[in-house]
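Have a look at the structure below, then the notes.
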Protein chains: 2
Amino acid sequence: MTIAEVSRQYDISPDTLRYYERIGLIPPVHRTSGGIRDYTPEDCKWVEFCKCMRGAGLTIEALIEYVSLVQQGDGTMQARLELLTEQRRLLKERIAEMESTLARLDRKIAMYHEKCTGPCCDAFSQSDGAGASAQNGQNA
Amino acid sequence: MTIAEVSRQYDISPDTLRYYERIGLIPPVHRTSGGIRDYTPEDCKWVEFCKCMRGAGLTIEALIEYVSLVQQGDGTMQARLELLTEQRRLLKERIAEMESTLARLDRKIAMYHEKCTGPCCDAFSQSDGAGASAQNGQNA
DNA sequence: CCTTGACATGGAGTAAACTCCAGGGTATAT
DNA sequence: ATATACCCTGGAGTTTACTCCATGTCAAGG
């Protein structure tokens with residue numbers, strides 16, 4: 001598979017694909033005798049994997065480390081397991097934080113709904129501020 | 001409250017606090033007669049709100065727009081509601097994506113557990129690749 | 001063989017989001 | 001009054017993660 005095909009398939013520019021390879025975010029891609037990249041299914045899987053993990057917010061640094069461990073062979077299984085476990089923990093933390101922010105957004109939206117559909121729409125004037133509930137010192 | 005106190009309380013550098021104010025991510029902060037920032041509880045709430053929303057991945061652009069709407073007064077309630085609803089939708093999408101990546105990480109971790117504790121630890125040698133399951137074209 | 005379009009490399013340029021700095025004002029303890 | 005610590009602004013610098021570019025190579029059609 002050429003770099004252009006991979007680019008289309010995963011919606012990542014050729015420049016970015018080369019960049020990812022250069023910094024070690026994906027292992028070196030297979031080449032033709034002429035030196036042109038010819039992505040194997042394995043190469044593609046790395047591209048997809050990195051895209052997925054980056055999308056979830058894993059750092060490039062952690063992923064480079066993981067790729068490096070895989071390239072060092074089977075002796076690094078334990079280290080890989082630890083790395084992935086730590087990244088899983090961090091990901092779960094981020095999700096929890098986002099869930100709580102989502103709940104907060106929901107409360108704020110509910111308040112705007114009340115204000116917009118309440119008895120006297122457009123006639124309110126409490127300073128809204130950061131919380132649609134500016135009166136009680138703390139919200140979420 | 002001085003900028004240094006707010007900085008400590010929310011773990012945001014004074015430079016970043018000034019930057020946030022400059023770009024409109026928080027409304028103008030109250031000043032002393034001498035021109036020095038003196039954060040009111042309301043100002044602090046904005047700082048906390050922005051920190052929370054930024055932490056969940058809302059764009060600076062969307063937050064600036066929200067702050068701007070709030071400053072424009074009560075006529076913008078409907079627009080604020082729409083903005084928040086859209087941001088909520090995007091946030092939920094991101095969470096869903098991260099949940100699925102979390103599940104994928106879990107599967108991969110489970111596979112490493114098997115390999116590390118299985119019958120012949122350290123004696124495997126299937127090329128691992130991006131999936132700890134390099135044999136079946138697709139994983140997750 | 002030659003043209004044409006995609007690909008290669010190394011390095012420079014860019015956008016976002018800070019972060020740092022110089023030069024100068026403010027405030028409080030001595 | 002003055003030293004010291006903190007704050008101000010405008011602007012330059014930094015980091016991250018790309019993105020673009022100049023120059024040269026590769027490969028398929030005519």
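Note that these values count all heavy atoms, side chains included, but never hydrogens, waters or copies made by symmetry.
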For a quick test of reading the model: is some side-chain N or O of B/Thr2 closer than 4.0 Å to OP1 or OP2 of D/dC7? yes
What is the ring orientation for A/Tyr112 with B/Tyr66, classed by angle as parallel under 30°, tilted 30 to 60°, or perpendicular over 60°? perpendicular
Distance in angstrom units between B/His30 NE2 and D/dC7 C1', rounded: 16 Å
Give a yes/no answer on whether the side chain of B/Arg22 brings an N or O atom under 4.0 Å of OP1 or OP2 in C/dT19. no
Rounded to the nearest angstrom, tell me the gap between atom CD1 in B/Ile23 and atom P in C/dC18. 7 Å
Is B/Glu86 paired with B/Arg89 through a side-chain N to carboxylate O contact shorter than 4.0 Å? yes
Whole angstrom value for the distance that separates P of D/dT16 from CD1 of A/Ile64: 11 Å
Please say yes or no: joined through hydrophobic side-chain contacts below 4.5 Å, possibly via intermediate residues, are B/Ile3 and B/Met1 part of one cluster? yes
Select one nucleotide: of C/dT19, C/dA27, D/dC26, the one nearest the side-chain heavy atoms of A/Ile36. D/dC26
Whole angstrom is fine here: how far is it from CZ in A/Arg18 over to P in C/dT9? 8 Å
Between C1' of C/dA8 and CG of A/Leu17, the distance in whole Å: 14 Å
Is there a side-chain contact between A/Trp46 and A/Val70, using heavy atoms and a 4.5 Å cut-off? yes
Tell me: CZ of A/Arg31 to C1' of C/dT9, nearest whole Å? 10 Å
Looking only at N and O atoms, is any donor in the side chain of A/Asp15 or the base of D/dC18 less than 3.5 Å from an acceptor on the other one? no
Between B/Ser33 and B/Arg54, who's closer to the 5' end of DNA chain C by nearest nucleotide? B/Arg54
Distance check: side-chain N/O of B/Tyr20 vs OP1/OP2 of C/dA17, anything under 4.0 Å? no
Does OP1 or OP2 of D/dC6 have a side-chain N or O of B/Arg8 closer than 4.0 Å? no
Would you say A/Tyr19 places a side-chain N or O within less than 4.0 Å of OP1 or OP2 belonging to D/dC20? no
Between B/Glu61 and A/Glu5, which has a closest nucleotide on DNA chain C that is more 5'? A/Glu5
Starting at CD1 of B/Ile3 and ending at P of C/dA27, how long is that distance when rounded to a whole Å? 15 Å
Write down the distance between NZ (B/Lys51) and P (C/dA17), rounded to a whole number of angstrom. 17 Å
Just N and O in the side chain of B/Arg37: are any of them under 4.0 Å from OP1 or OP2 of D/dC8? yes
Counting the atoms with a prime plus P, OP1 and OP2 as sugar-phosphate, which does A/Ile60 contact under 4.0 Å by heavy atoms, base, sugar-phosphate, or nothing? sugar-phosphate
Is any side-chain heavy atom of B/Phe49 less than 4.5 Å from a side-chain heavy atom of A/Lys108? yes
Can you tell me if the side-chain N/O atoms of B/Thr16 get under 4.0 Å from OP1 or OP2 in C/dT19? yes
